[in-house]
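What you see is a predicted model, and the numbers here were worked out from it, not measured in a lab.
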Amino acid sequence: LQSLDALRGFDMLFIMGFASLVVAVCGLWPNAVTDSIASQMGHASWDGFTHHDTIFPLFLFIAGVSFPFSLSKQRSLGLSTGTIYAKIVRRALTLVLLGVVYNGLFRLDFENLRIASVLGRIGLAWGIAAMLYLNFGVKARIAIAAAILVGYGLLSALVAAPDVAGAGPLTREGCLAGYVDRLLLPGKLYGKTFDPEGLLSTVPAVVTAMLGMFTGEFVRRQDLSGGRKASWMIAAAVALLVAGLAFNGVVPVNKSLWSSTFVCVVAAYSLAMFALFYYLIDVRGWRRWTLFFRVVGLNSITIYLAQRIVGFGRISDFFLGGVASKCPEALAAVVDSAGYVAVCWLFLYFLYRKNVFLKV
């Protein structure tokens, strides 16, 4: 599906510097509207929801959508179930390792090395969801996903960390997820006492990947037209949004905790965005505009890691630093941000033209 590559690229674009560019452009005309847009380019401090909170779960959701297609291809090539299991485990562990590399493994400062990571959560959540996909039917997996959301929601709302007195179970200090991280995660935690990519909060992230896999299964059906599929996906997105908002008063939407309501709300966004891209690109066949996004989406892990290793900012400054220095401060920020995005995209375009696609 070209829509998957395009949507993945749209998602990764915000991590590739586009969010900073939006903030910089908004800074040219400060007012209530632009301030509101700029605020969406950062994460909610705890409870609440911004556009930036959708980036990570959308990527995980897309990984889930891809799996039924990937599995079908592997089986058509004659791969045994054991080989498929091995590929899933290898991919999951590779992502965990790359996450630790991203966090600074090669500094060899193991005492301050953070083990939890974005890539690690993608690897674990996707890997567990893939194993469930291989071993259970649709109805059983729906029951498992519902049980995880209800169970995690009850734990989050009712069980506080036993090592912190007086803090509520839904606070940063008193949440059970933080307690599990402090108890079991070695090295440094992102928030000292809590890690947003920690162990317990990875469990509901499995459901995010599972919802993507349900979507992939649905799209592969041959008995519905593309338009009908897109309509049903929009209807499902509305239902998930209603469910998430309905229980927001009990368990708040919270990305750091990856709360059960957060799973529902971001799944609604992810499903709606996929339905839109799928309808425009794969159903209607409007594909010419997708190149810009597909260049990013086809090498998404590459650019995520490369930004940690390659000095794209220094390259941009080499070519545009002089122009930026002659501009007013607000405009200079736009030039710097646009230059960074352009350098990253041209790097990926070079790989695209050379047919170099680095995959895990």
Just verifying a value: how many Å separate [X] [atom1] and [Y] [atom2], rounded to the nearest 0.5 Å?
X    : Y    : atom1 : atom2 : result
R182 : L189 : CZ    : CG    : 8.0 Å
L4   : R294 : CG    : CZ    : 12.5 Å
S259 : N254 : OG    : CG    : 5.5 Å
K229 : R220 : NZ    : CZ    : 9.5 Å
F274 : I234 : CZ    : CD1   : 11.0 Å
L245 : F247 : CG    : CZ    : 11.5 Å

Taking [X] for the side chain and [Y] for the main chain, is one N or O donor matched with an acceptor at less than 3.5 Å?
X    : Y    : answer
S337 : V334 : no
S36  : A32  : no
N31  : W29  : yes
S316 : F312 : no
R284 : Y279 : no
S325 : G322 : yes
S300 : V296 : no
D35  : G27  : no
S3   : D282 : no
D47  : P252 : no

[X] [atom1]: over 12 foreign heavy atoms closer than 6.0 Å:
X    : atom1 : value
F292 : CZ    : yes
R228 : CZ    : no
F350 : CZ    : no

Hey, any chance [X] and [Y] share a hydrophobic cluster, counting ILVMFWY side chains that come within less than 4.5 Å of each other, even indirectly?
X    : Y    : result
V207 : V242 : no
V159 : V164 : no
Y190 : L257 : no
V238 : L241 : no
F136 : M210 : yes

Taking C-beta and beyond as the side chain, do [X] and [Y] meet within less than 4.5 Å on heavy atoms?
X    : Y    : result
K359 : T302 : no
M273 : S270 : no
W126 : I88  : yes
Q40  : H52  : no
V22  : I37  : yes
V251 : L154 : no
V96  : L124 : yes
Y179 : L200 : no

inquiry  = Going by the rule side chain to side chain donor-acceptor pair (under 3.5 Å), which residues pair with S201 if we only count those two or more places apart in sequence or in a different chain?
reply    = R121
key: Evaluation steps, ring pair (Phe, Tyr, Trp, His ring centres under 6.0 Å), between W258 and Y152   = CA-CA 10 Å; W258 213 278; Y152 183 71; over 10 Å; no
note = In L183, V180, I115, the residue satisfying side chain to side chain contact (heavy atoms under 4.5 Å, CB included) with L199 is V180
Is it true that the side chains of [X] and [Y] contain a donor and an acceptor less than 3.5 Å apart?
X    : Y    : answer
T261 : N248 : no
S80  : T83  : yes
S256 : R172 : no
Y340 : Q307 : yes
Y269 : D53  : no

Pairing of [X] and [Y] as salt bridge, 4.0 angstrom limit:
X    : Y    : result
R107 : D109 : no
E197 : R114 : yes
R8   : D11  : no

query = Where do S260 and V150 land on the side chain to side chain contact (heavy atoms under 4.5 Å, CB included) test, with the steps shown first?
reply = CA-CA 7 Å; S260 298; V150 172; over 6 Å; no
Residue pair W46, F194: steps toward the ring pair (Phe, Tyr, Trp, His ring centres under 6.0 Å) verdict = CA-CA 12 Å; W46 188 245; F194 171 84; 5.5 Å; yes
request  = May I ask you to establish whether R308 and Y102 are in a cation-pi arrangement, using a distance under 6.0 Å from NZ or CZ to the six-membered ring centre and at most 45° from the ring axis?
outcome  = yes
request  = Can you label the angle between the Y133 ring and the F67 ring as parallel, tilted or perpendicular, going by 30° and 60°?
outcome  = perpendicular
ask   = Which class fits the ring pair F10 and F277: parallel under 30°, tilted 30 to 60°, perpendicular over 60°?
value = tilted
task = Would you please name every residue forming a salt bridge (Lys or Arg N to Asp or Glu O under 4.0 Å) with D336, sequence neighbours left out?
result = none
Pair L21-F18, side chain to side chain contact (heavy atoms under 4.5 Å, CB included): steps then yes or no = CA-CA 5 Å; L21 177 58; F18 186 69; 4.0 Å; yes
query = Between N135 and Y85, does a side chain to side chain donor-acceptor pair (under 3.5 Å) hold up when you go through it step by step?
reply = CA-CA 11 Å; N135 288 281; Y85 276 132; 2.9 Å; yes
request  = Determine, stepwise, if the pair L291 / Y352 fulfils side chain to side chain contact (heavy atoms under 4.5 Å, CB included).
outcome  = CA-CA 10 Å; L291 176 65; Y352 175 84; 3.6 Å; yes
ask   = Between F59 and I15, is a side chain to side chain contact (heavy atoms under 4.5 Å, CB included) present by the stated rule, with each step listed?
value = CA-CA 11 Å; F59 190 92; I15 291 180; over 6 Å; no
